[in-house]
Trainee: 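The structure under discussion is supplied below as structure tokens; questions concerning it will follow.
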Amino acid sequence: CQEGGGMGVRKFNQIDEDVNFIGCDKFLTWGWKSNHKNSYKFYLTKTFFLNNYNYNQSGNILLTGGSCRKYHYSLFAGHLPSYSETHIIFNKNLIKKLNDAVFNKLIYRFHNQGGYNEVEKILAEFPNLNISLREVETHYYKLLYNSNLVICTSDYTANLLPLFINHPVIWYWDANYFNLRNNAKKFYDVMNEAGILYYSADSCAEHINKIYLDPMKWWRTDKVQNARNQFIENFCNASKDISTDLSILIKQFNNESKK
């Protein structure tokens with residue numbers, strides 16, 4: 001089944017997606033539809049992080065960075081090396097436009113270090129910035145639950161998880177790199193219109209500066225919730241009982257194989 005986010009949406013760089021269909025009779029997606037005959041729409045399966053969710057209104061603001069790499073070494077790990085500098089510049093531009101109160105609440109969560117020195121590049125410009133390293137704390141789930149708002153700067157898995165638990169989240173990235181397929185674009189357009197997804201540092205920072213004291217008030221508005229619900233149904237579909245749903249699907253596959 002699908003291992004991480006970003007699948008079913010990218011217009012380019014689909015090799016990692018195609019690899020998943022090699023050597024399997026059935027492939028379960030997190031909700032998106034594929035033209036592959038052995039693909040089945042299922043549910044988000046990366047749910048081991050789920051815990052009792054109690055929103056922390058006084059929590060930090062968490063900004064998640066992407067994987068910046070000096071060299072390409074994997075189809076399944078983060079950005080292409082050609083995007084690393086753009087990603088860092090994008091994030092710097094956003095941080096510069098956040099007001100002092102937001103900056104003081106901000107924690108920049110770095111991905112695994114891949115030789116590009118993004119930590120040093122960011123801290124050189126913002127030496128007082130609070131940071132979290134994946135090499136020190138492997139998963140970001142505790143940071144997620146302790147935050148009052150998450151800002152995600154890559155379209156992979158980290159941006160789906162706050163959406164999945166219905167936690168206030170802002171998406172912000174370069175539309176030229178995260179280029180969308182036609183059948184996925186309409187869902188991202190709805191997220192953009194609802195004020196969840198941004199491609200500009202100016203508009204993103206303006207929104208964050210406006211809502212940071214009570215992000216949940218904005219997050220619970222009908223327009224935002226409708227956009228969120230449409231998106232998760234198609235890209236991180238939620239199951240009330242995933243074990244039972246998987247059991248039913250396996251029985252269905254078994255019955256089909258006997259025909």
Side-chain angles (χ1 to χ4, degrees), residues 4-17 61-98 102-103 106-135 140 143 149-163 169-182 184-185 187-189 191-193 195-209 231 235:
M7 297 181 66
V9 300
R10 288 192 297 272
K11 193 170 186 177
F12 305 111
N13 191 29
Q14 298 179 24
I15 298 175
D16 60 333
E17 187 175 307
I61 297 173
L62 179 64
L63 187 152
T64 63
S67 175
C68 296
R69 292 172 288 163
K70 191 173 182 179
Y71 305 108
H72 179 68
Y73 67 90
S74 172
L75 295 172
F76 304 100
H79 306 140
L80 294 175
S82 59
Y83 183 64
S84 294
E85 193 62 27
T86 300
H87 176 71
I88 291 172
I89 292 171
F90 242 69
N91 290 358
K92 282 183 177 181
N93 288 341
L94 176 65
I95 295 171
K96 288 176 185 176
K97 297 176 185 301
L98 299 174
V102 173
F103 181 87
L106 195 67
I107 297 176
Y108 194 122
R109 166 69 173 185
F110 289 93
H111 204 278
N112 288 332
Q113 302 304 294
Y116 201 75
N117 300 323
E118 62 265 35
V119 176
E120 291 80 3
K121 291 173 184 283
I122 293 290
L123 290 181
E125 194 151 347
F126 308 103
N128 297 321
L129 181 65
N130 294 312
I131 67 170
S132 169
L133 302 177
R134 193 165 184 177
E135 287 79 7
Y140 95 119
L143 293 166
L149 175 67
V150 180
I151 306 165
C152 294
T153 61
S154 294
D155 189 14
Y156 292 113
T157 306
N159 60 304
L160 298 180
L161 303 185
L163 201 70
V169 62
I170 298 289
W171 293 355
Y172 163 73
W173 52 67
D174 182 2
N176 292 319
Y177 179 79
F178 292 98
N179 204 286
L180 301 168
R181 301 176 201 177
N182 292 333
K185 187 176 183 300
F187 299 104
Y188 283 78
D189 287 345
M191 298 289 275
N192 178 243
E193 291 164 6
I196 299 172
L197 171 59
Y198 292 86
Y199 305 113
S200 157
D202 288 319
S203 57
C204 186
E206 180 182 4
H207 182 63
I208 294 168
N209 290 337
F231 195 93
F235 297 104

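The structure displayed is predicted, hence computed values, not measured ones.
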Trainee: Starting from the C-alpha separation in whole Å, work towards a yes-or-no answer on side chain to side chain contact (heavy atoms under 4.5 Å, CB included) for Asn159 and Val169.
Mentor: CA-CA 8 Å; Asn159 60 304; Val169 62; 5.6 Å; no
Trainee: Is any side-chain heavy atom of Ile122 closer than 4.5 Å to one of Ile131?
Mentor: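 Side-chain contact under 4.5 Å: no.
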Trainee: When the ring centroid of Trp171 is compared with that of Phe178, is the distance short of 6.0 Å?
Mentor: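 Not close enough - the centres of the two rings lie 6.0 Å or further apart.
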Trainee: Evaluate the side-chain proximity of Leu63 to Tyr172: yes if any heavy-atom separation is below 4.5 Å, no if none is.
Mentor: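 Not in contact.
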Trainee: One pair to check against side chain to side chain donor-acceptor pair (under 3.5 Å): Thr64 and Arg109. What are the steps and the verdict?
Mentor: CA-CA 5 Å; Thr64 63; Arg109 166 69 173 185; over 6 Å; no
Trainee: If you round to the nearest 0.5 Å, how far is CG of Asn112 from CZ of Arg134?
Mentor: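 It comes to 4.5 Å.
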Trainee: Quick check for you: to the nearest 0.5 Å, what is the distance between Glu206 atom CD and Tyr198 atom OH?
Mentor: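 OH of Tyr198 is found 8.5 Å from CD of Glu206.
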Trainee: Report the distance from atom CD1 of Ile196 to atom CG of Leu163, rounding to the nearest 0.5 Å.
Mentor: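 Ile196 atom CD1 to Leu163 atom CG measures 6.5 Å (nearest 0.5 Å).
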Trainee: What's the shortest heavy-atom distance between Ser132 and Leu143, and which atoms?
Mentor: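 Between these two residues, the closest heavy atoms are OG-CD1, 3.3 Å.
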Trainee: Indicate yes or no for a side-chain donor-acceptor contact from Ser84 to the backbone of Arg69 under 3.5 Å, with no hydrogens or angles considered.
Mentor: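 It does hold such a pair.
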Trainee: For atom CD of Glu125, is the number of surrounding heavy atoms from other residues, nucleotides or ligands below 6.0 Å larger than 12?
Mentor: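 It does: Glu125 CD has more than 12 such atoms within range.
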Trainee: List the atom of Tyr140, the atom of Pro162, and the distance in Å for their closest heavy-atom pair.
Mentor: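 Here Tyr140 and Pro162 meet closest at OH-CD, 3.3 Å.
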Trainee: Start with the C-alpha gap between Lys11 and Lys185, add the side-chain angles, then the distance that decides, and say whether side chain to side chain contact (heavy atoms under 4.5 Å, CB included) holds.
Mentor: CA-CA 10 Å; Lys11 193 170 186 177; Lys185 187 176 183 300; over 6 Å; no
Trainee: Tell me if a side-chain donor or acceptor on Glu135 pairs with a main-chain N or O of Gln113 at a distance below 3.5 Å.
Mentor: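 Confirmed, Glu135 side chain pairs with Gln113 backbone.
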Trainee: I need the minimum non-hydrogen distance between Tyr156 and His79, along with the two atoms involved.
Mentor: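 Closest pair (atom of Tyr156, atom of His79, distance): CE1-CD2, 3.5 Å.
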Trainee: Rounded to the nearest 0.5 Å, what separates atom OG1 in Thr153 from atom NE2 in His111?
Mentor: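 Here the rounded value is 10.0 Å.
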Trainee: How close do Gly5 and Thr157 get, heavy atom to heavy atom, and via which atoms?
Mentor: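 Distance-wise, the nearest heavy atoms are N-OG1, 2.7 Å.
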Trainee: Output yes when a side-chain donor or acceptor of Asp155 lies under 3.5 Å from a complementary backbone atom of Gly6, and no otherwise.
Mentor: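 Not a single qualifying donor-acceptor pair exists.
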Trainee: Could you grab the distance from atom CG of Leu80 to atom SG of Cys68, nearest 0.5 Å is fine?
Mentor: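 That separation rounds to 12.0 Å.
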Trainee: Quick one, Tyr199 with Asn192, criterion side chain to side chain contact (heavy atoms under 4.5 Å, CB included). Give me CA distance, side-chain angles, the key distance, then yes/no.
Mentor: CA-CA 9 Å; Tyr199 305 113; Asn192 178 243; 4.1 Å; yes
Trainee: With rounding to the nearest 0.5 angstrom, report the CG to CG distance, Asn130 to Leu62.
Mentor: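 Asn130 CG to Leu62 CG: 11.0 Å, rounded to 0.5 Å.
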Trainee: Relative to each other, are the rings of Phe103 and Phe126 parallel, tilted or perpendicular (30° and 60° limits)?
Mentor: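 Rings of Phe103 and Phe126: tilted, as their planes differ by 30° to 60°.
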Trainee: Heavy-atom distance under 4.5 Å between the side chains of Lys97 and Asp202, does that happen here?
Mentor: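 Answer yes - side chains close enough.
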Trainee: Any side-chain heavy-atom pair from Val119 and Tyr108 closer than 4.5 angstrom?
Mentor: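 Val119 vs Tyr108: side chains apart.
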Trainee: Kindly determine whether Asp189 and Leu180 satisfy side chain to side chain contact (heavy atoms under 4.5 Å, CB included), including the steps that lead there.
Mentor: CA-CA 10 Å; Asp189 287 345; Leu180 301 168; 5.7 Å; no
Trainee: Decide if the gap between the ring center of Phe90 and the ring center of Tyr83 is smaller than 6.0 angstrom.
Mentor: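 No: the rings miss the under 6.0 Å criterion.
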Trainee: Can you find a pair of side-chain heavy atoms, one from His87 and one from Tyr177, that are under 4.5 Å apart?
Mentor: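 His87 vs Tyr177: side chains apart.
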